[in-house]
Amino acid sequence: MKNLSVIASSIVIAIASTHALAKVSDAEIAELGQRLTPLGAIQAGNADGSIPAWTGGITSAPEGYTVGDFHIDPFPDDKPLFIITAANYKEYAEFLSDGQQKLFETYPDTYKMPVYQTRRTASNPQFVYDATKRNAKTAELIQDGNGLKGAAIGIPFPIPQSGVEAIWNHTLRYRGQGVQRNGGQAAVTAGGDYNVIGFDEQLMIKYAETGMTPERLTEENILFKFKQSVTKPARLAGTALLVHETVDQVKEPRQAWTYNTGQRRVRRAPNIAYDAPGTQADGLRTTDDFDMFNGSPNRYNWTLVGKQELYVAYNSYAIHSNNVTYEDILHAGHVNPDLTRFEKHRVWVVEANIKDEFRHIYQKRVFYIDEDSWQIQVADMYDNRGELYRVGIAHGVNYYDVPTHWSTLDVYHDLNSRRYLAIGLDNEESMYDFTIELDDREFTPQALRREGKR
């Protein structure tokens, strides 16, 4: 892998294994909340001060914010320190992924990265930090890394010993207990044309439920339940998807159902996984691209490469704002760079290589995971010739009413077609509702049928 500056640290290890070699020690766990943040990041800043120390992240909402509003930018007076362009990107190559560099080469006249002061704003509630420390002692991978036990609510492996542990941390990062999302996605052509596909989505996170225990989670074997309904255009409205994600994915693989408005029937959908095409994505993402990566990790060998400093899309409140329209955001080739904000952060680097006995359109994937939140910020995807194929960029914000650091917009660039898919468009809709109280009865095939419409 090119341009990888691995940071020397006792907690940064390179293991080419799919499982942990040993449990972390009590002495290492005691560092959580001390030398390490409660979620396992290095609390101190970097040597040259371009990354500051983590001091708790955002712990209160800015003045003027009311729950239900779009999130006010806490740093309205910040200006770019400098701008990376096709003319100078090689000067910053050690802080860019291969995929990010390829974007400058693909769109030399228009793509740029405004780089701002780094602000380590990621934060979670105290009960998540407490659960993370408990998990660090008890969490274990099972079924060759295709499930886990001994964890609930918090990050399962805050001091990861393998790549697959780091990926489970991304999957199970705290995002509240339930959320209603209204918005959509747009598959943008090379010329800049697009149609917005509208979605209503509900995510019920059983793993983070109040009072959840590792024992109960193992017994129920459900991590979360996800329901998605298409709201526009009219010809697709009512089409729906229901997913139950399991803890032990060998004992019981992901369960999925679809509702088709034409047939007015609910059907099991065993192929909603891996490299099956994403919903109404015009072939620009796979099912397991959603949320940068989701689902069973069993088709890949996972390597924890180490850590590096990377420019990532962070504190992206401008592109999150309801003061901008989809037309403002969606430009030919890429989203409007004037609405983006990049900062230097430390990231875990995880490499996934396809196992000999499996197939996938991505032979290799490299994930860059924010150390402060476990959000995948960048994903470089390679085809079966070993060539860069797609690049995923997550534009993150702190939803400080929860609080959680989560992406507001995920963008998947297809380098061959010069098209991209933008997921999470909600600027012209209502803001995420993290206060919604969801019920298991709303996440059944029968409920999917009742809610379907022609």
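Both backbone and side-chain heavy atoms feed into the values below; hydrogens, waters and symmetry mates do not. Numbers for residues simply follow the sequence, beginning at 1.
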Is a donor on one side and an acceptor on the other found under 3.5 Å between the side chain of [X] and the backbone of [Y]?
{"X": "D291", "Y": "N294", "answer": "no"}
{"X": "D426", "Y": "N182", "answer": "no"}
{"X": "S321", "Y": "N323", "answer": "yes"}

Side-chain donor/acceptor pairs under 3.5 Å, residues 278-285, sequence neighbours excluded:
residue, atom, partner, partner atom, Å
D282, OD2, R419, NH1, 3.0
D282, OD2, R419, NH2, 2.9

Does [atom1] in [X] sit with more than 12 non-hydrogen atoms of other residues, nucleotides or ligands closer than 6.0 Å?
{"X": "R268", "atom1": "CZ", "value": "yes"}
{"X": "N195", "atom1": "CG", "value": "no"}
{"X": "K149", "atom1": "NZ", "value": "no"}
{"X": "Q126", "atom1": "CD", "value": "yes"}
{"X": "E220", "atom1": "CD", "value": "yes"}

Exercise. Among all residues two or more places apart in sequence or in another chain, which pass the side-chain contact (heavy atoms from CB on, under 4.5 Å) test with P277?
Worked result: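 Result, side-chain contact (heavy atoms from CB on, under 4.5 Å) vs P277: none returned.
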So, [X] and [Y], do they make that salt bridge, N to O below 4.0 Å?
{"X": "E209", "Y": "K206", "value": "yes"}
{"X": "R365", "Y": "D288", "value": "yes"}
{"X": "E428", "Y": "K232", "value": "no"}

Problem set entry | side-chain contact (heavy atoms from CB on, under 4.5 Å), paired with K344, selected from Y314, Y311, Y116 |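 Checked Y314, Y311, Y116 against K344; only one passes side-chain contact (heavy atoms from CB on, under 4.5 Å): Y311.
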Problem set entry | From N398, T408, L339, residue fulfilling side-chain contact (heavy atoms from CB on, under 4.5 Å) relative to Y317 |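 Result for side-chain contact (heavy atoms from CB on, under 4.5 Å) with Y317: N398.
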Any idea which heavy atoms bring [X] and [Y] closest together, and the distance?
{"X": "A318", "Y": "V324", "answer": "O-CG2, 3.9 Å"}
{"X": "N124", "Y": "P403", "answer": "ND2-O, 3.3 Å"}
{"X": "F358", "Y": "I354", "answer": "O-CG1, 3.8 Å"}

Got [X] and [Y] here, is their nearest side-chain heavy-atom distance under 4.5 Å?
{"X": "L388", "Y": "D380", "answer": "yes"}
{"X": "W168", "Y": "L223", "answer": "yes"}
{"X": "I329", "Y": "N336", "answer": "no"}
{"X": "D289", "Y": "R390", "answer": "yes"}

Exercise. Where do N135 and T132 land on the side chain to side chain donor-acceptor pair (under 3.5 Å) test, with the steps shown first?
Worked result: CA-CA 5 Å; N135 292 343; T132 297; 5.1 Å; no
Problem set entry | ring-ring contact (aromatic ring centres under 6.0 Å, His included) partners of H244, counting only residues at least two apart |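 With sequence neighbours excluded, H244 shows a ring-ring contact (aromatic ring centres under 6.0 Å, His included) to W257, given in chain and number order.
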Nearest 0.5 Å, please: how far is [atom2] in [Y] from [atom1] in [X]?
{"X": "L217", "Y": "M212", "atom1": "CG", "atom2": "CE", "result": "5.5 Å"}
{"X": "T106", "Y": "Y111", "atom1": "OG1", "atom2": "OH", "result": "10.0 Å"}
{"X": "F224", "Y": "L172", "atom1": "CZ", "atom2": "CG", "result": "8.0 Å"}
{"X": "I436", "Y": "Q202", "atom1": "CD1", "atom2": "CD", "result": "4.5 Å"}
{"X": "Q180", "Y": "M431", "atom1": "CD", "atom2": "CE", "result": "12.5 Å"}
{"X": "H395", "Y": "T340", "atom1": "NE2", "atom2": "OG1", "result": "6.5 Å"}

Aromatic ring proximity [X]/[Y], centre distance under 6.0 Å:
{"X": "F290", "Y": "F226", "answer": "yes"}
{"X": "Y399", "Y": "H320", "answer": "yes"}
{"X": "F293", "Y": "H170", "answer": "no"}
{"X": "Y65", "Y": "H71", "answer": "yes"}

Exercise. For residues 179-193, which residue pairs qualify under salt bridge (charged side-chain N to carboxylate O under 4.0 Å, His left out), counting only residues two or more places apart or in two chains?
Worked result: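 Sorted result for residues 179-193: R181-E201.
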Exercise. Hey, which of R346, R120, K307, R173 is the one that makes salt bridge (charged side-chain N to carboxylate O under 4.0 Å, His left out) with D372?
Worked result: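 Output: one option passes, namely R120.
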For this session: Mind running side chain to side chain donor-acceptor pair (under 3.5 Å) on N384 and Y389 for me, showing each step along the way?
Result: CA-CA 9 Å; N384 288 298; Y389 179 12; over 6 Å; no
For this session: Can you sort out the partners of R299 under side chain to side chain donor-acceptor pair (under 3.5 Å), two or more places apart, ordered by chain and number?
Result: none
Problem set entry | Contacts of type side chain to side chain donor-acceptor pair (under 3.5 Å), residue Q377, not counting sequence neighbours |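 Only H405 meet the side chain to side chain donor-acceptor pair (under 3.5 Å) criterion with Q377.
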Exercise. Y174 pairs by ring pair (Phe, Tyr, Trp, His ring centres under 6.0 Å) with which of W374, F127, Y207?
Worked result: F127
